[in-house]
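Taking it in order: structure first as structure tokens, then the write-up.
Each chain gets a letter, A, B and so on, in the order the sequences are listed, and its residues count up from 1.
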2 protein chains.
Amino acid sequence: MDHSTTRLAVSTVIFALRPEDGGTPSLWTPFVLRTRQPHLDQWALPGGWLPDGEDLDAAAARTLAETTGLHPSFLEQLYTFGRVDRSPTERVVSVAYTALVRSDEVERAAPGENVRWFRADALPRLAFDHNAIVDYAVQRLRTKVEYAHIAHTFLGQTFTLSQLRSVHEAILGHALDAANFRRSVATSPDLIETGEVLTGTPHRPPKLFRYRTAESSRS
Amino acid sequence: MDHSTTRLAVSTVIFALRPEDGGTPSLWTPFVLRTRQPHLDQWALPGGWLPDGEDLDAAAARTLAETTGLHPSFLEQLYTFGRVDRSPTERVVSVAYTALVRSDEVERAAPGENVRWFRADALPRLAFDHNAIVDYAVQRLRTKVEYAHIAHTFLGQTFTLSQLRSVHEAILGHALDAANFRRSVATSPDLIETGEVLTGTPHRPPKLFRYRTAESSRS
DNA sequence: ACAAAAGTGTTGCCGATACACCCATGC
DNA sequence: GCATGGGTGTATCGGCAACACTTTTGT
């Protein structure tokens, strides 16, 4: 049997929220400096080749940990990019993933020499078709945050509704009415009041919430 | 450079509407009888290996035409299935596609010796993980038909609103209010009245509509 | 007391549903 | 003219955006 020369890769668009200098947080994503041709010295999505014995999800999780040191709280397949001409030197089909990581995760992780974060809405020219991949990921994240409960994966186990709203605002790129936002998320039975409040704020202490997980809903 | 043994395939879930014996139409999908191991003599999705020089979309269109003789009016990537154990003999990553074909297309196409159609909601045990793939495709089709204008791709260039409604009903699996359905699709500026009516019906002749395409909207 | 964020109440609008009703054609 | 599907009108309901208002804390 003759072999195909097409190679299979996995790439991940990682999103984190980083507070603008003293202001409201915004979406950032990390890239890795390429140390080889093609596209030497350009920024590229974290990723790598798919090993024969590894599931796609596992490969995405592993390669993103290896290159950035991060452990995502959310990881899902985005789309598979396979145009013949997307790499100038060989045929590469890339299964792209979207990952969300908590801000404290980003602080804790080793920065990595060749890793750099950019604002998702102000990217440099990336290697291959990675600009298109990131744009598509941003678009999907925007639509998905409005109907799926994923925003809290940017936060800790417990969070205030202001924090959750601020996540939505950063993703959508515009402000939301605090009162209506509260009601819209409160419709979900999976949003649970912990009974505790966050102290140390200069004003009225907000209640802390958490999302019901598979584990927390056992029996 | 040592080669990976992982192989890349493309598979397509093809949907068409077929009138139940004298009744309302329902969703059907064609499968191909496997003539080799593994899963010899089981039904499998139309598809094939991805050639080195062919785009994913093109490979999906070509393989589905080769096996079933069909030419879809709609084709889009669904999801990539890559679990290590999804094939018992070798590692295969499959990029799955969804295709919609018009009923008259199905009539016209050569049936194919090893091709058989099944109701999408009453499938036999298929080869590999193809049952899961079809189920996922049905689920996605149901949600997508409610917000995207894709139902008309099951019909001809022009169609009555009853026909379009009947497509929605077949996909969703339940009846819709004719009056409200009419209004809900009429909100789209892309739905255009042709000015003609369909004659030969036993009752009041319905108006014929078409959807504005990229070509029909040129200046 | 005051500022500011947390949280509640109220109103108006808009889209979707339910369903009554009229229209046009073949028979 | 009558049966039948095509097509229109309309009342009601529920969700959501806007925004006024009350509550609770730190300073």
Side-chain angles (χ1 to χ4, degrees), chain A residues 19 22-25 142-143 145-149 151-152 155-156 158-210, chain B residues 19-20 22-25 142-149 151-152 155-156 158-210:
Chain A
T24 56
R142 288 213 170 109
T143 64
V145 77
E146 298 204 310
Y147 69 87
H149 303 143
H152 70 281
L155 304 169
T158 65
F159 48 85
T160 70
L161 292 188
S162 280
Q163 291 169 342
L164 189 64
R165 175 166 53 86
S166 144
V167 172
H168 281 247
E169 290 175 339
I171 294 171
L172 297 176
H174 60 84
L176 296 170
D177 183 282
N180 295 329
F181 176 80
R182 165 180 307 272
R183 271 184 289 260
S184 75
V185 298
T187 60
S188 165
D190 292 339
L191 185 71
I192 301 175
E193 214 169 305
T194 63
E196 305 186 342
V197 296
L198 179 66
T199 56
T201 61
H203 306 297
R204 173 173 175 177
K207 295 179 183 172
L208 284 167
F209 292 80
R210 65 183 172 82
Chain B
E20 206 71 71
T24 57
R142 288 214 170 107
T143 64
K144 189 150 190 171
V145 77
E146 299 204 308
Y147 70 86
H149 303 142
H152 70 281
L155 303 169
T158 65
F159 47 86
T160 70
L161 291 188
S162 280
Q163 291 170 341
L164 189 63
R165 176 167 52 85
S166 145
V167 172
H168 282 247
E169 290 175 339
I171 294 172
L172 297 176
H174 60 83
L176 297 170
D177 183 283
N180 296 330
F181 176 81
R182 165 181 306 274
R183 270 185 289 261
S184 74
V185 298
T187 60
S188 164
D190 293 340
L191 184 71
I192 301 173
E193 213 169 307
T194 63
E196 306 186 342
V197 296
L198 180 65
T199 56
T201 61
H203 306 295
R204 173 174 174 176
K207 294 180 185 174
L208 284 168
F209 292 81
R210 64 182 174 82

Rounded to the nearest angstrom, tell me the gap between atom [atom1] in [X] and atom [atom2] in [N].
X	N	atom1	atom2	answer
B/L198	C/dG26	CG	P	12 Å
A/E146	D/dG15	CD	P	18 Å
B/L164	D/dG6	CG	P	12 Å
A/L176	D/dC16	CG	P	13 Å
B/E196	D/dG6	CD	C1'	18 Å
B/Q163	D/dG5	CD	P	15 Å
B/F181	C/dC19	CZ	C1'	19 Å

- request: For B/R182 and for A/T187, find the nucleotide of DNA chain D with the closest heavy atom, then tell me which residue's nucleotide is more 5'.
  value: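 Here B/R182 is the residue nearer the 5' end.
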message: I'd like to check the side chain to side chain contact (heavy atoms under 4.5 Å, CB included) partners of A/E146; sequence neighbours left out, ordered by chain and number.
response: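 Residues passing side chain to side chain contact (heavy atoms under 4.5 Å, CB included) with A/E146: A/L172.
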message: Quick check: closest heavy atoms across A/H152 and A/L164, and the distance to 0.1 Å?
response: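 Heavy atoms only, the tightest pair is N-CD1, 3.7 Å.
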query: Hey, does the side chain of A/T194 reach the backbone of A/L208 with a donor-acceptor pair shorter than 3.5 angstrom?
result: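 It does hold such a pair.
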field: Side-chain donor or acceptor of A/T187 paired with backbone N/O of A/S184 under 3.5 Å
entry: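 Answer holds: yes.
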- request: For a side-chain contact (heavy atoms from CB on, under 4.5 Å) with B/P206, tell me which candidate from B/L198, B/L161, B/T199 qualifies.
  value: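 Answer after filtering B/L198, B/L161, B/T199: B/L198.
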field: Contact check, side chains of B/H168 and B/I171, non-hydrogen atoms, under 4.5 Å
entry: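 Answer no - side chains too far apart.
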- prompt: Looking at A/S162, does any N or O in its side chain come under 4.0 Å of the phosphate oxygens OP1/OP2 on C/dA6?
  reply: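 Yes.
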- request: Summarise protein proximity over nucleotides 18-27 of chain D in one line of letters, 5' to 3': B for base, S for sugar-phosphate only, - for none, counting protein heavy atoms closer than 4.0 Å.
  value: BB---BBBS-
